[in-house]
Protein chains: 2
Amino acid sequence: MGVTKTDQFTKKQNAMALILKSLGHPARVSIVEYLTKVDSCICGDIVDELPLAQPTVSQHLKELKNAGVIKGSIEGNAICYCIDEQTIETLHAYLANILNQLKNKTTNCC
Amino acid sequence: MGVTKTDQFTKKQNAMALILKSLGHPARVSIVEYLTKVDSCICGDIVDELPLAQPTVSQHLKELKNAGVIKGSIEGNAICYCIDEQTIETLHAYLANILNQLKNKTTNCC
DNA sequence: ATTCTTTATCGTAATATTGCAATATAATAA
DNA sequence: TTATTATATTGCAATATTACGATAAAGAAT
């Protein structure tokens with residue numbers, strides 16, 4: 001069908017999947033890396049940096065924003081985007097928890 | 001188009017995106033959580049656990065395996081799937097690095 | 001007021017994803 | 001050999017994603 005059975009999974013699972021999915025595209029990985037490195041974060045700079053057309057970049061930014069990975073604030077004429085550290089921390093902690101559980105396991109078949 | 005401009009980004013960016021994308025679906029998040037908790041990891045158990053048909057689960061497992069998030073080993077008649085800790089560690093370290101860089105930033109506009 | 005600059009939205013084409021029934025494959029059991 | 005069990009693959013319908021040209025919207029500059 002192409003439609004995800006969202007209701008069959010927990011809110012947390014859907015929330016994590018949303019964040020992970022938003023990061024699951026090289027352009028969006030690239031945007032996050034750029035915003036991590038750079039000090040100013042004007043939207044136009046991101047467009048210039050990426051090998052994609054402006055509407056495409058705008059769409060990717062929207063998706064990252066929707067997942068809470070970035071946030072934007074109006075800066076006069078332009079818009080300033082930057083990473084929402086909290087969301088990255090949430091994801092980081094989630095993975096740390098998984099790694100922790102794995103290390104405490106007695107058996108490991110594979 | 002619907003086709004990602006993979007060649008326009010670095011290998012690392014594409015590799016990270018592949019891992020993140022494979023985790024970007026609640027069913028696959030659910031599989032990873034299940035494999036983290038459980039001690040044995042027979043494919044059939046995963047199918048029983050998930051609210052999806054066997055072919056659908058098989059497809060999700062294939063995607064996780066392709067991204068290196070899980071690995072499978074033949075266990076007689078059945079197949080034993082479990083998490084590839086290294087891949088999770090790679091992702092974990094990647095995020096740690098981003099968080100580190102963010103914390104060392106002087107300015108933060110948003 | 002008009003133009004310029006910056007970003008978002010719309011419309012659309014190409015491709016990818018999700019999900020499942022049907023079927024194939026492969027190993028074990030009878 | 002013939003079932004049985006466990007998993008993968010195929011084929012297909014429904015929906016989602018990716019990308020971009022055209023255009024809209026909104027503030028800044030002239």
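Reminder, nothing fancy here: chain letters follow the sequence lines and each chain counts from 1. Just so it is clear, the structure is predicted and the values come from calculations on it, not from any experiment.
Of all nucleotides listed (C:dA21, D:dT7, D:dT18), D:dT7 comes nearest to the side chain of B:Ile42. The listed nucleotides are D:dT15, D:dT9, C:dT15; the one nearest the side chain of B:Pro55 is D:dT9. Checked against C:dG19, D:dT18, C:dT9, the side chain of A:Ser58 finds its nearest nucleotide in C:dT9. Taking every side-chain heavy atom of A:Lys5 into account, C:dC20 is the closest of C:dA8, C:dC20, D:dT18. For B:Asn77, whose side chain is taken as the heavy atoms from C-beta onward, the closest listed nucleotide among D:dA8, D:dG27, D:dA6 is D:dA6. Nearest to the side-chain atoms of A:Lys21 among the listed nucleotides D:dT17, C:dA8, D:dT7 stands D:dT17. Side chain of A:Ala78, nearest nucleotide from D:dG21, D:dT7, C:dT6: C:dT6.
With hydrogens and angles disregarded, no donor-acceptor distance shorter than 3.5 Å links the side chain of A:Thr36 to the backbone of B:Ile98.
For D:dT18, neither phosphate oxygen OP1 nor OP2 lies less than 4.0 angstrom from any side-chain nitrogen or oxygen of A:Thr56. In terms of phosphate contacts, B:Tyr81 brings a side-chain nitrogen or oxygen within less than 4.0 Å of OP1 or OP2 of D:dA8. Dashed line: the shortest gap from a side-chain N or O of A:His25 to OP1 or OP2 of C:dT17 is not under 4.0 Å. Residue B:His60 places none of its side-chain N or O atoms closer than 4.0 Å to OP1 or OP2 of C:dT17.
Spacing between atom CG of A:Leu61 and atom C1' of D:dA19 amounts to 14 Å, rounded to whole angstrom units. The nearest whole Å value for the distance from the CD1 atom in B:Ile79 to the P atom in D:dT5 is 18 Å. As a whole-Å value, the separation of B:Lys62 NZ from C:dG19 P is 16 Å. Summarising the geometry, the separation between CD1 on A:Ile31 and C1' on D:dT18 is reported as 13 Å, rounded to the nearest angstrom. In this structure, the CD1 atom of B:Ile74 is 16 Å from the P atom of C:dT25, given to the nearest Å. We find that CD of B:Gln59 is positioned 9 Å from C1' of C:dC20, with the value rounded to whole Å.
More than 12 non-hydrogen atoms from other residues, nucleotides or ligands lie less than 6.0 angstrom from NZ of B:Lys105.
Between A:His25 and B:Phe9, the ring-plane angle classifies as perpendicular under the 30° and 60° cut-offs.
Contact annotation for A:Glu63: backbone-only contact, meaning every heavy-atom pair under 4.0 Å involves sugar-phosphate atoms and none involves a base. In this structure, A:Leu52 reaches the sugar-phosphate backbone alone: every heavy-atom distance under 4.0 Å involves primed, P, OP1 or OP2 atoms, never a base.
A donor-acceptor contact under 3.5 Å links the side chain of A:Gln54 to the base of C:dA8.
Taking CG from A:Leu50 and CG from A:Leu61, the interatomic distance works out to 8.0 Å, rounded to the nearest 0.5 Å. The NE2 atom of B:His92 sits 12.0 Å away from atom CG of B:Asn97, with the distance rounded to the nearest 0.5 Å.
Each of A:Gly44 and A:Thr6 was assigned the nucleotide of DNA chain C with the nearest heavy atom; the assignment lying further toward the 5' end belongs to A:Gly44.
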